[in-house]
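Worth saying up front: this structure is predicted, and the values here are computed from it rather than measured.
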Amino acid sequence: MTTAIYPGSFDPVTVGHLDIIRRAAKLFDKVIVAVLVNMEKEPWFTIEERMRLLEKATAGISNIEIAGFEGLLVDFAAQRSASAIVKGLRAVSDFEYEFQMALTNRKLDDSIETVFLTSNAENMFLSSSIVKQVGLLGGDISTFVPEEIKEDILLRIKQRSRQK
């Protein structure tokens, strides 16, 4: 059985993330969507909340597991017997960083391959940061996030708007 890890902060999960998850689920027997703690970002949602949102958004995909982790991705992948890391690429700017990470991961554990999936054209601009910014400014996020979690995200946007 081939297992892949799709890591990300997913703060919040977008339709772009969901597209990569669905496509990876067709390529691998099992895909572990790994919600990470990103030391460079201050999340809007706790890791538990992000995992719950992902569970709601991926409920119809049978070979998906949602898990949280801290530490090195290759260590997590080895613990879960994963042979691949899936990374989504939106633009050339993503490639440079992700290429560096792929080479670093290969140096740390050469038994784990990195597989790049390119974004669909309609999602190339989309990121969790864009969703948060558009939402905070009162824009419609309904085409940016999975329908199953839209209300959860809108509630958090309202909470954040009150804090500012």
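The minimum heavy-atom distance linking A84 with V115 is given by the pair CB-CG2, 4.3 Å. When every heavy atom of V35 is checked against every heavy atom of S9, the shortest pair comes out as CG1-O, 4.0 Å. Heavy atoms only, all atoms of each residue included: W44 and I157 are closest at CZ3-CG1, 3.6 Å. When all heavy atoms of I149 and A57 are compared, the pair lying nearest together is CG2-N, 4.3 Å. Smallest separation of non-hydrogen atoms from A67 and R80: CB-NH2, 3.7 Å.
Between L89 and S119 there is no side-chain heavy-atom pair separated by less than 4.5 Å. The shortest side-chain heavy-atom distance between V86 and V31 does not fall under the 4.5 Å cut-off. Under the 4.5 Å side-chain criterion, counting only non-hydrogen atoms from C-beta, K132 is in contact with P12. Under the 4.5 Å side-chain criterion, counting only non-hydrogen atoms from C-beta, I21 is in contact with T58.
When atom types are taken as modelled, the side chain of D109 and the backbone of S111 share a donor-acceptor pair closer than 3.5 angstrom. Of the possible donor and acceptor atoms, one in the side chain of T14 sits under 3.5 Å from a partner among the backbone N and O of H17. Judged by distance alone, with hydrogens and angles left aside, the side-chain atoms of R50 form no donor-acceptor pair with the main-chain N or O of D11 at under 3.5 Å. With hydrogens and angles ignored, the 3.5 Å screen pairs no side-chain donor or acceptor of D29 with any backbone N or O of T3.
Checked against the 6.0 Å centroid threshold, F125 and F144 count as a close aromatic pair.
The distance from the CE atom of M1 to the CG atom of N63 is 9.0 Å, given to the nearest 0.5 Å. Remark: E55 CD to I61 CD1 distance equals 12.5 Å, nearest 0.5 Å.
Ion pair R90/D94 flagged as a salt bridge, since at least one NZ, NE, NH1 or NH2 atom sits closer than 4.0 Å to an Asp/Glu carboxylate oxygen.
For R23, the CZ atom sits in a packed shell: over 12 heavy atoms of surrounding residues, nucleotides or ligands are nearer than 6.0 Å.
Hydrophobic clustering of Ile, Leu, Val, Met, Phe, Trp and Tyr side chains at less than 4.5 Å, counting indirect connections, unites L53 with L154.
Applying the under-4.5 Å side-chain rule to Ile, Leu, Val, Met, Phe, Trp and Tyr, the cluster around F69 extends to I5, I32, L36, L72, L73, V74, F76, I85, L108, I112.
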Name the atoms and distances for all side-chain donor-acceptor pairs under 3.5 Å in residues 95-105, with sequence neighbours left out.
{"unit_1": "E98", "atom_1": "OE1", "unit_2": "K87", "atom_2": "NZ", "d": "3.1"}
{"unit_1": "T104", "atom_1": "OG1", "unit_2": "Q100", "atom_2": "O", "d": "2.9"}
{"unit_1": "N105", "atom_1": "ND2", "unit_2": "M101", "atom_2": "O", "d": "3.3"}

